[in-house]
There are 2 protein chains.
Amino acid sequence: MYARKIPPQLNCGLDLVAEVLYGKWKIRLLWFIHEGHRRPGELQRKIPDASRRVLHMQLKELEEHELLRKEIFAEVPLHVEYHLTEFGQTLIPLIAGIGNWGDAHSEQLRRVIGKRIPG
Amino acid sequence: MYARKIPPQLNCGLDLVAEVLYGKWKIRLLWFIHEGHRRPGELQRKIPDASRRVLHMQLKELEEHELLRKEIFAEVPLHVEYHLTEFGQTLIPLIAGIGNWGDAHSEQLRRVIGKRIPG
DNA sequence: TACCACAGGGATAAATTTTTCCCTATTGCG
DNA sequence: CGCAATAGGGAAAAATTTATCCCTGTGGTA
């Protein structure tokens with residue numbers, strides 16, 4: 001990975017959450033896994049804008065942070081499944097809340113985002 | 001600012017939220033402003049780890065995204081206040097939820113974060 | 001005048017994250 | 001064998017974000 005030069009500050013709950021969720025695709029990964037898309041290849045197809053590499057890295061971090069559990073099926077063909085841990089599950093209502101907020105305000109959000117990204 | 005080379009994807013609610021909240025200090029800024037710390041200098045003192053510059057930039061983006069409203073007091077001495085807009089207020093319960101989750105699981109979070117940041 | 005606090009921008013460097021490209025390894029199939 | 005799909009890592013480049021440094025400008029105060 002990349003060895004941080006500036007240590008993160010972990011003062012409050014928000015800092016701690018940021019430390020485990022602040023990655024471009026992490027919340028989407030958790031959400032799609034919660035929806036039942038458990039295999040890496042499947043997740044790559046769900047999130048085609050992300051590079052394959054970074055999805056692997058973020059899945060690994062989520063696993064190290066014990067939000068996901070990795071299960072390796074040494075069958076033929078080999079495959080891998082990620083599942084939410086009990087800890088990870090507790091995050092789902094929050095992610096659902098965020099997604100719902102975004103959906104509920106999508107018109108307004110698209111408008112204000114559009115102010116900065118013309119075209 | 002920085003002109004993006006890769007346009008953001010705005011497919012679902014989560015993408016839209018990311019577009020307005022994905023900045024290292026944005027959630028903290030919204031939270032501290034909600035707590036009544038409305039002036040830029042005050043926010044800088046609350047978040048000493050952030051550079052003065054980036055706080056200004058993120059405040060400006062939050063304002064452009066209509067989550068904050070900026071009020072300039074042309075008094076002596078000059079001062080500025082940021083307030084949550086009505087739209088911004090609707091985000092507060094979500095932020096509170098995230099912070100509470102972090103606080104509630106802070107022991108576990110510190111442990112799993114510590115796995116990656118020894119010392 | 002010199003210095004303080006306030007708010008904030010430009011230019012550039014540094015840090016960090018994400019992408020791109022290419023490699024490993026297993027097993028099945030033609 | 002050659003090639004498919006599976007999962008995943010190393011190295012380096014590119015993109016993006018954040019930090020650092022120095023500047024503007026106002027008005028109060030010593």
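Reminder, nothing fancy here: chain letters follow the sequence lines and each chain counts from 1. For clarity, every value in this text was computed on a predicted model and none was experimentally measured.
The CG-C1' distance, from A/D49 to D/dA15, rounds to 15 Å in whole Å. The CG atom of B/L78 sits 11 Å away from the P atom of D/dT26 (whole-angstrom rounding). Atom CD in B/E71 sits roughly 13 Å away from atom P in C/dG8 (whole-Å rounding). One interatomic measurement links the two molecules: CG of B/L29 to P of D/dT18, which rounds to 11 Å at whole-angstrom precision. Nucleotide D/dT6 holds its P atom 18 Å from the CZ atom of A/R38, rounded to whole Å. Following rounding to the nearest Å, B/L62 (CG) and C/dG8 (P) show an atom-to-atom distance of 13 Å. If you measure from atom CD of B/Q44 to atom C1' of C/dA7, you get 9 Å, rounded to the nearest angstrom. With rounding to whole Å, A/L55 atom CG is found 14 Å from C/dT20 atom C1'.
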Which pairs, protein N/O on one side and nucleotides 12-14 of chain D N/O on the other, fall under 3.5 Å?
none

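Map B/I6 and A/I6 each onto its nearest nucleotide of DNA chain C; the residue landing nearer the 5' end is A/I6. The residue among B/G41 and A/A50 whose nearest nucleotide of DNA chain C is located toward the 5' end is B/G41. A residue-by-residue look at A/K24 and A/V80 shows that A/V80 has its nearest nucleotide of DNA chain D further toward the 5' end.
In the helix from C/dT1-D/dA30 to C/dG30-D/dC1, the terminal helix axes, each the rotation mapping four pairs' C1' atoms onto the next four within five end pairs, subtend 30°, rounded to 10°.
In this structure, A/Y22 does not reach the D/dT16 phosphate: none of its side-chain N or O atoms is under 4.0 Å from OP1 or OP2. For the OP1/OP2 pair of C/dT16 and a distance below 4.0 Å, the side-chain nitrogens and oxygens of A/Y2 include at least one atom meeting the criterion. For B/Q58 and D/dT18, the shortest distance from a side-chain N or O to OP1 or OP2 is below 4.0 Å. In this structure, B/K70 reaches the C/dG8 phosphate: one of its side-chain N or O atoms is under 4.0 Å from OP1 or OP2. At C/dC6, one or more side-chain N or O atoms of B/R45 fall inside 4.0 Å of OP1 or OP2 (strictly under the cut-off).
Closest to the A/H56 side chain, of the nucleotides D/dG8, C/dG8, D/dT18, is D/dG8. Of the listed nucleotides (C/dT20, C/dA11, D/dT18), D/dT18 has the atom at the smallest distance from the side chain of B/W25. Closest to the side chain of A/R4, out of D/dA7, C/dT16, C/dT19, is C/dT16. Considering only the side chain of B/R39, C/dA7 comes nearest among D/dT18, D/dG9, C/dA7. The side chain of B/Y82 lies closest to C/dG8, out of C/dA15, D/dT6, C/dG8. Listed nucleotides: C/dT19, D/dA7, C/dG10. Nearest to the side chain of A/R53: C/dT19.
Atom CD of A/E35 is surrounded by more than 12 heavy atoms from other residues, nucleotides or ligands within 6.0 Å.
Residues B/V20 and B/L91 are not in side-chain contact: their nearest non-hydrogen atoms beyond the backbone lie 4.5 Å or more apart. Between B/I33 and B/L62, every side-chain heavy-atom pair lies at or beyond the 4.5 Å cut-off. By the 4.5 Å heavy-atom criterion applied to side chains, B/M57 and B/V54 are counted as neighbours.
The residue from A/L30, A/L29, A/T85 that alone fulfils the side-chain contact (heavy atoms from CB on, under 4.5 Å) condition with A/L68 is A/L30.
A salt bridge is absent between B/E71 and B/R38; no separation between the charged side-chain nitrogens and carboxylate oxygens falls under 4.0 Å.
In this structure, B/L10 CG and A/L109 CG are separated by 9.5 Å, a value rounded to the nearest 0.5 Å. From B/I95, atom CD1 reaches atom CH2 of B/W31 across 7.5 Å, with rounding to the nearest 0.5 Å.
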Evaluation steps, side chain to side chain contact (heavy atoms under 4.5 Å, CB included), between A/H56 and A/Q44 = CA-CA 9 Å; A/H56 280 308; A/Q44 283 161 28; 3.6 Å; yes

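Applying the side chain to side chain donor-acceptor pair (under 3.5 Å) test to A/Q58 and every residue at least two apart in sequence or in another chain returns nothing.
Base engagement by B/R52 is indicated by at least one non-hydrogen atom pair under 4.0 Å involving a base atom.
Classification of the A/H105-B/F87 ring pair by plane angle, with boundaries at 30° and 60°, yields tilted.
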